[in-house]
*Asks:* 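Structure provided below as structure tokens; questions to follow.
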Amino acid sequence: MSCDFIALANAGVQALQPYQPGKPIEELERELGLKNVVKLASNENPLGASEMAVEACRQAAEGMYLYPDSSGFELKNKLSDRLKVSPKQITLGNGSNDVLDLIARAFLQPGRSAVFSQHAFVVYPIAVQACGARAIVTPAKDWGHDLDVMAAAIEDDTRVVFIANPNNPTGTWIKKAELEAFLAKVPENVVVVLDEAYVEYVDEPEYPNGLDYLAGYPNVIVTRTFSKAYGLAGLRVGYAISSPEICDLLNRVRAPFNVSTQALAAAVAVLDDADYLQKSREVNAAGLKQLGEGFDQLGIEWIPSVGNFISFRTSKNGEPVDAGKVYQGLLHKGVIVRPVGVYDMPNFLRVSVGLESENARFLEVLPQVLEAL
Ligand SMILES: *Cc1c(COP(=O)(O)O)cnc(C)c1O
């Protein structure tokens, strides 16, 4: 008799569904024998990597027989200069996903709860449940977070609130005034995570920079990443900025050497590649416009986004169409997008902003796929 390992697992883990990543290009090419597949599924940077980051990575490769600098001294110092915070406020992670997990592990356990919104980034429920804590999921408003409802949902056992600003996969964002009213209401023993994975793309005067609230609210943690606008998704590096006290706690649960030598080197280098970041922003702004106009022409409903992706409703002549079928149809045409059923958006798909030619290819095949259904 083999052992029932599922029964042995922690209660939270037993009920967990693994994160579903976007389909890799090679996998689709293998499966369908296609060439020239376009992946617009994981909010990756369509520009490819920064040359400066690649060069730094190459040079760092020589040191791969040594453990990385676990303190991330150089990267933290550089971030500290840029962000005008102390290195003692920065926690480095293997992607910001790692940091979100550290926050959950430091503050959540059975008997405690975390608040996040419907349609919010799917890593929050996974991180919360893995710790055996209870998720309090609040209804969205116009696809975005309803901060009034979120504040009211906080219970005595709540220790963490996760806010994605902008949110993935909806691309919605929270304004300064809303955030300020919210922070004023949250008890000081509740940690507020401001997940700013797409901060570099946002160009809105009313968008709040989470760092501005650290001084007034020591319970705020801002998380950011090198995966999106900085184009280092494959290297896995992100960070949290918080009070030194919270930073100390996160570092207690952080695995030693959680960020690789190459990732550290590339992140330091890309921070100096202002042209790359500027180009990332420009290509993204143009792509958002191109996709939005394309959807309008096709009569497809889409959610206005300030990220590097857009979620759209799968419909034909105004009638709903099964998103799974549209997803499959697009795959057969060599275009990978992202189903968002796990985000409680079963009739939507999310497309990442690509290069102009990639967006055009998507907009060309989408009506063909819909037509064939
Ligand atoms: C992509 C993303 C992240 C982080 O990704 P990492 O690659 O782990 O840094 C975090 N939050 C949101 C909302 C995201 O979309």
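In this chain, residues are counted from 1 in sequence order. Hydrogens, waters and symmetry mates are skipped; everything else that's a heavy atom, side chains included, is used.
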*Asks:* Please determine whether a side-chain nitrogen of the Lys or Arg among E26 and R30 lies less than 4.0 Å from a carboxylate oxygen of the Asp or Glu.
*Replies:*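 Here E26 does not pair with R30 in a salt bridge, since their nearest N and O are not under 4.0 Å apart.
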*Asks:* So, the side chain of Q129 versus the backbone of A15: is there a donor-acceptor pair under 3.5 Å, distance only?
*Replies:*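 At least one qualifying donor-acceptor pair exists.
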*Asks:* Tell me whether the count of non-hydrogen atoms from other residues, nucleotides or ligands lying under 6.0 Å of NZ in K185 goes above 12.
*Replies:* yes
*Asks:* Flag yes if more than 12 heavy atoms outside K175 fall under 6.0 Å of its NZ atom; otherwise flag no.
*Replies:* no
*Asks:* Could you list the residues that satisfy ring-ring contact (aromatic ring centres under 6.0 Å, His included) with F73, not counting sequence neighbours?
*Replies:*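 If we apply the ring-ring contact (aromatic ring centres under 6.0 Å, His included) test to F73, skipping adjacent residues, there are no hits.
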*Asks:* Are E55 and R58 within salt-bridge range, i.e. N to O under 4.0 Å?
*Replies:*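 Answer for the salt bridge query: yes.
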*Asks:* CG of N167 to OG of S305: how many Å apart, nearest 0.5 Å?
*Replies:*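 If we round to the nearest 0.5 Å, N167:CG and S305:OG are 9.5 Å apart.
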*Asks:* Considering only heavy atoms from C-beta outward, does the side chain of Q89 approach that of S243 to under 4.5 Å?
*Replies:* no
*Asks:* Side-chain donor-acceptor pair under 3.5 Å between N43 and S352, yes or no?
*Replies:*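 Judged by distance alone, the side chains do pair up.
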*Asks:* Verify the neighbour count for atom CG of L66: are there more than 12 heavy atoms of other residues, nucleotides or ligands below 6.0 Å?
*Replies:*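 Check passes, neighbour count above 12.
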*Asks:* Go through the steps to decide whether Q118 and T138 satisfy the test side chain to side chain contact (heavy atoms under 4.5 Å, CB included), and finish with yes or no.
*Replies:* CA-CA 6 Å; Q118 181 190 21; T138 57; over 6 Å; no
*Asks:* For a quick test of reading the model, state the closest non-hydrogen atom pair linking F116 to M150 and the distance between them.
*Replies:* CA-CE, 3.8 Å
*Asks:* Does Q59 reach the main-chain N or O of A56 with its side chain, forming a donor-acceptor pair under 3.5 Å?
*Replies:* no
*Asks:* Does a side-chain N-to-carboxylate-O contact under 4.0 Å join D157 and R134?
*Replies:* yes
*Asks:* Please check if the number of heavy atoms outside D156 that lie under 6.0 Å from its CG is greater than 12.
*Replies:* no
*Asks:* Any donor-acceptor pair under 3.5 Å linking the side chain of S70 with the backbone of F257?
*Replies:* yes
*Asks:* Would a 4.5 Å heavy-atom cut-off, applied to side chains only, mark L40 and E358 as touching?
*Replies:*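 They are in side-chain contact.
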*Asks:* Listed by chain and number, what are the ring-ring contact (aromatic ring centres under 6.0 Å, His included) partners of F312, not counting sequence neighbours?
*Replies:* F295, F362
*Asks:* With a 4.5 Å limit on heavy-atom distance, are the side chains of D101 and I126 in contact?
*Replies:*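 Not touching, per the 4.5 Å side-chain cut-off.
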*Asks:* Side-chain contact, heavy-atom cut-off 4.5 Å: F162 with V123?
*Replies:*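 Side-chain contact under 4.5 Å: no.
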*Asks:* Charged N to carboxylate O below 4.0 Å: is that the case for E31 and K23?
*Replies:*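 Salt bridge present between E31 and K23.
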*Asks:* Has D4 got a side-chain atom pairing as donor or acceptor with A7's backbone, closer than 3.5 angstrom?
*Replies:*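 Checking the backbone N and O of A7 against the side chain of D4, a donor-acceptor pair under 3.5 Å is found.
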*Asks:* Side chains of I163 and D195: does their closest heavy-atom pair fall under 4.5 Å?
*Replies:*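 They are not in contact (no side-chain heavy atoms under 4.5 Å apart), so the answer is no.
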*Asks:* Short question: side chain of S242, backbone of I246 - any donor-acceptor pair under 3.5 Å?
*Replies:*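 No: the side chain of S242 does not pair with the backbone of I246.
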*Asks:* Once you measure the plane-to-plane angle for F348 and W143, does it fall in the parallel (<30°), tilted (30-60°) or perpendicular (>60°) bin?
*Replies:* perpendicular
*Asks:* State, to 0.1 Å, how close A229 and S280 come at their nearest heavy-atom pair, and which atoms those are.
*Replies:*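 Here A229 and S280 meet closest at O-OG, 3.1 Å.
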*Asks:* List the steps, then state whether side chain to side chain contact (heavy atoms under 4.5 Å, CB included) holds for L8 with I6.
*Replies:* CA-CA 5 Å; L8 288 182; I6 293 178; over 6 Å; no
*Asks:* Return the minimal non-hydrogen interatomic distance between D69 and L264, and the atom names on each side.
*Replies:*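 Shortest heavy-atom separation between D69 and L264 comes out as O-CD1, 3.6 Å.
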*Asks:* Evaluate V191 against V161 for side chain to side chain contact (heavy atoms under 4.5 Å, CB included), listing each step before the verdict.
*Replies:* CA-CA 6 Å; V191 165; V161 179; over 6 Å; no
*Asks:* Side chains of E282 and Q278 only: does a donor on one sit below 3.5 Å from an acceptor on the other?
*Replies:* yes
*Asks:* Using the test side-chain hydrogen bond (donor to acceptor under 3.5 Å, both in side chains), find all partners of R82 that sit at least two apart in sequence or belong to another chain.
*Replies:* D272
*Asks:* Do R252 and D248 meet the salt-bridge criterion of a basic N to acidic O distance under 4.0 Å?
*Replies:*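 Salt bridge between D248 and R252, a charged N being under 4.0 Å from a carboxylate O: yes.
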*Asks:* Any side-chain donor paired with an acceptor under 3.5 Å for S311 and T170?
*Replies:*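 No, no side-chain donor-acceptor contact under 3.5 Å.
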*Asks:* How close do N165 and T172 get, heavy atom to heavy atom, and via which atoms?
*Replies:* OD1-O, 4.5 Å
*Asks:* State whether E196 and R224 are salt-bridged, where the test is any N-O pair (Lys NZ or Arg NE/NH1/NH2 against Asp/Glu carboxylate O) under 4.0 Å.
*Replies:*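 Looking at E196 and R224, the cut-off is met.
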*Asks:* Can you tell me how far apart CG (N317) and CG (L370) are? Round to the nearest 0.5 Å.
*Replies:* 9.0 Å
*Asks:* Report the distance from atom SG of C131 to atom CZ of R105, rounding to the nearest 0.5 Å.
*Replies:* 7.5 Å
*Asks:* Does E204 CD have over 12 foreign heavy atoms under 6.0 Å away?
*Replies:*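 Count over threshold, so yes.
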*Asks:* Taking K316 for the side chain and L373 for the main chain, is one N or O donor matched with an acceptor at less than 3.5 Å?
*Replies:*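 Yes.
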*Asks:* Using atom types as modelled and distance alone, determine if a side-chain donor or acceptor of K176 lies under 3.5 Å from a backbone N or O of Y207.
*Replies:* no
*Asks:* For a quick test of reading the model, state the closest non-hydrogen atom pair linking V190 to T158 and the distance between them.
*Replies:* CG2-O, 3.4 Å
*Asks:* In Å and rounded to the nearest 0.5 Å, what is the OG1 to CE distance from T314 to M345?
*Replies:* 10.5 Å
*Asks:* When you measure from the side chain of D142 to the backbone N and O of G144, does any donor-acceptor pair fall under 3.5 Å?
*Replies:*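 Not a single qualifying donor-acceptor pair exists.
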*Asks:* May I ask you to decide if A120's main-chain N or O and S117's side chain share a donor-acceptor pair within less than 3.5 Å?
*Replies:* no
*Asks:* What distance separates L183 CG from L179 CG, expressed to the nearest 0.5 Å?
*Replies:* 4.5 Å
*Asks:* Does the pair R254/D98 count as a salt bridge with the N-to-O cut at 4.0 Å?
*Replies:*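 Salt bridge flag = no for D98 with R254.
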*Asks:* Output the distance between atom OH (Y67) and atom OG (S260), rounded to the nearest 0.5 Å.
*Replies:*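 One gets 14.0 Å once the value is rounded to the nearest 0.5 Å.
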*Asks:* Just checking, is any N or O donor in the side chain of N219 or E188 under 3.5 Å from an acceptor N or O on the other one?
*Replies:*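 Absent: no donor and acceptor within the cut-off.
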*Asks:* Can you confirm whether E74 is buried at CD, in the sense that more than 12 heavy atoms of other residues, nucleotides or ligands lie under 6.0 Å from that atom?
*Replies:*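 No, because the 6.0 Å sphere around CD of E74 holds 12 heavy atoms or fewer from other groups.
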*Asks:* For the residue pair F121 and Y124, does the interplanar ring angle fall in the parallel (under 30°), tilted (30 to 60°) or perpendicular (over 60°) class?
*Replies:* perpendicular
*Asks:* Does this structure show an ion pair linking K39 with E44, if we count only N-O contacts that are shorter than 4.0 Å?
*Replies:* yes
*Asks:* For the side chain to side chain contact (heavy atoms under 4.5 Å, CB included) test, which of N251, L249, L250 pairs with C247?
*Replies:* N251
*Asks:* Between V192 and L194, is a side chain to side chain contact (heavy atoms under 4.5 Å, CB included) present by the stated rule, with each step listed?
*Replies:* CA-CA 6 Å; V192 177; L194 300 176; 4.0 Å; yes
*Asks:* Side-chain heavy atoms nearer than 4.5 Å, only ILVMFWY residues, links allowed to pass through others: does that put V283 and L232 together?
*Replies:*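 Yes, same cluster.
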*Asks:* Of all heavy-atom pairs between A130 and L16, which one has the smallest distance, and what is that distance?
*Replies:* CB-CD2, 4.1 Å
*Asks:* Has the side chain of Q290 got a donor or acceptor atom that lies under 3.5 Å from a matching backbone atom of E356?
*Replies:* yes
*Asks:* Using a strict threshold of under 4.0 Å (side-chain N to carboxylate O), is an ion pair present between R313 and E301?
*Replies:*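 Yes.
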*Asks:* With no hydrogens and no angle check, just 3.5 Å: does a side-chain donor-acceptor pair link N77 and S80?
*Replies:* no
*Asks:* Is it true that the side chains of N97 and Y19 contain a donor and an acceptor less than 3.5 Å apart?
*Replies:* no
